[in-house]
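Working notes, beginning with the structure itself.
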2 protein chains.
Amino acid sequence: MLKLSKKTEYAFMAARYLALNNSGHCSTAKEIAENYDISRELVAKVLQNFARSDIAASFQGVKGGYVLKKNPEEVSLFDIILSVEDKHHLTNCLSEDNPDEKCSHEDGCKIRDPLIEIQKRIDNLFLETSLKQIL
Amino acid sequence: MLKLSKKTEYAFMAARYLALNNSGHCSTAKEIAENYDISRELVAKVLQNFARSDIAASFQGVKGGYVLKKNPEEVSLFDIILSVEDKHHLTNCLSEDNPDEKCSHEDGCKIRDPLIEIQKRIDNLFLETSLKQIL
DNA sequence: TTGATATAAGACTAATTTAATCTTATTTAT
DNA sequence: ATAAATAAGATTAAATTAGTCTTATATCAA
């Protein structure tokens with residue numbers, strides 16, 4: 001596997017849409033969902049996440065919606081993933097709720113450290129790629 | 001997410017075990033499973049995959065088991081992942097059974113190309129890391 | 001002030017994927 | 001012959017992910 005979730009895919013798409021339509025105009029979840037033919041509710045959740053993590057500003061009510069809060073070159077794909085995904089770790093024993101040496105296979109499994117290194121380098125790939133680069 | 005499957009974790013562990021115990025000695029699935037306290041059947045499947053993809057040689061019958069067929073520095077983590085995992089793609093539209101331009105979001109989603117690039121670079125990280133490096 | 005259209009957020013259900021187990025067959029050393 | 005191993009596929013169970021539904025709140029405009 002090692003697959004991005006649909007939520008992350010939708011997040012990339014929604015962020016891209018916001019970036020391309022940021023001329024003072026407020027984009028709604030409905031608008032984006034219809035544009036890509038995906039679930040309105042899922043897009044809405046993605047956008048709510050964006051608002052929470054300060055990627056986008058939200059406006060409620062009629063004429064409400066979302067606008068990007070940063071320049072596309074200032075938003076990394078990593079920011080977007082983090083905004084939308086709670087777990088983003090290669091293995092369970094690499095996650096923060098499982099700090100330090102804790103591995104379900106006791107000290108039998110010694111693959112943790114090299115994987116931490118690879119994890120960092122993968123994160124960096126997404127960190128180095130900005131939203132601007134996918135427009 | 002973007003998580004390795006347990007199968008892949010087990011594969012790394014099993015490969016590591018084989019590499020550390022390759023002094024003419026045949027390692028069995030049972031032995032490895034007990035050593036790491038994981039399911040015997042799952043380890044068996046991993047080892048069968050290793051045999052099919054020529055990472056290990058298998059010997060049947062009593063006194064049977066598996067031995068690494070290559071030097072640890074000649075086996076990459078990517079080889080191991082490929083051996084054990086059928087899908088190893090960042091997104092569904094990146095998989096081979098979905099060639100070329102086919103994306104469920106028609107031409108609406110334009111994130112495919114940059115993701116192909118990131119996919120390649122992730123693959124490279126695993127390709128550049130050899131089994132020897134996790135011993 | 002009411003109705004229409006948004007976001008906000010959480011509960012719930014459905015679908016898919018992954019993990020684990022079970023079963024049967026075959027091989028081979030003793 | 002028997003015990004211990006691989007081989008391979010079927011089946012079940014568990015976990016995760018995707019998608020939907022519901023209720024509440026905000027805001028614009030007639």
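In the text below, chain A, chain B and the rest are named by the order of the sequence lines, each starting its count at 1.
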Quiz prompt | Flag for R121(B)-N124(B): side-chain donor and acceptor within less than 3.5 Å | solution = no
Quiz item: Mind checking whether L82(A) and I134(A) sit in one hydrophobic cluster, side chains of I, L, V, M, F, W, Y counted as touching below 4.5 Å?
Solution: yes
Quiz item: Do L131(A) and L68(A) come close enough that some side-chain heavy atom pair is under 4.5 Å?
Solution: yes
Self-check item: Pairwise 5' ranking along DNA chain C for K63(B) and K7(B), keeping only the more 5' one
Solution: K7(B)
Self-check item: OP1 or OP2 of dA18(D) under 4.0 Å from side-chain N/O of Y10(A)
Solution: no
Quiz item: Does the T8(A) side chain pair with the main chain of I81(A), one donor and one acceptor, at a distance under 3.5 Å?
Solution: no
Quiz item: From the list dA6(C), dG19(D), dC28(D), which nucleotide is the closest neighbour of the side chain of K45(A)?
Solution: dG19(D)
Exercise. Tell me which residues in residues 49-59 of chain B put a heavy atom below 4.0 Å from DNA chain C, sorted by number, or none.
Key: none
Quiz item: Is there a side-chain polar atom (N or O) of S39(A) under 4.0 Å from OP1 or OP2 of dT20(D)?
Solution: yes
Quiz item: If you pin R40(A) and Q60(A) to their nearest nucleotides in DNA chain D, which one's is more 5'?
Solution: R40(A)
Quiz prompt | Rounded distance in Å - NZ (K3(A)) to C1' (dT17(D)) | solution = 9 Å
Practice problem: Counting heavy atoms from C-beta on, name the nucleotide in dA5(D), dA19(C), dA7(D) closest to the side chain of K6(B). | Solution: dA19(C)
Self-check item: E41(B) side chain, from C-beta outward: closest of dT7(C), dC22(C), dA18(D)
Solution: dC22(C)
Quiz item: When we call it a touch if two heavy atoms are under 4.0 Å apart, what does A29(A) touch: a base, just sugar-phosphate, or nothing?
Solution: sugar-phosphate
Practice problem: Answer yes if the side chains of Q119(B) and D123(B) hold a donor-acceptor pair under 3.5 Å, and no otherwise. | Solution: yes
Quiz item: Should L125(B) and F78(A) be counted in the same cluster of Ile, Leu, Val, Met, Phe, Trp and Tyr side chains packed under 4.5 Å apart?
Solution: yes
Exercise. To the nearest Å, give me how far apart CD1 (I38(A)) and P (dT17(D)) are.
Key: 18 Å
Practice problem: Using atom CD of Q48(B) as one end and atom P of dG9(D) as the other, report the distance to the nearest whole Å. | Solution: 9 Å
Exercise. Would you kindly compare G61(A) and L42(A) by the position of their nearest DNA chain D nucleotide and give the one closer to the 5′ end?
Key: L42(A)
Quiz prompt | Value in whole Å for how far the P atom of dA4(D) lies from CD1 of I32(B) | solution = 19 Å
Quiz item: Rounded to whole angstrom units, what separation is found between the OH atom of Y36(A) and the P atom of dG19(D)?
Solution: 16 Å
Exercise. Considering non-hydrogen atoms only, spot the tightest contact between A29(B) and L47(B) and give its length.
Key: CA-CD1, 3.7 Å
Self-check item: Side chain of T28(A) (C-beta onward), nearest among dT6(D), dT28(C), dA6(C)
Solution: dA6(C)
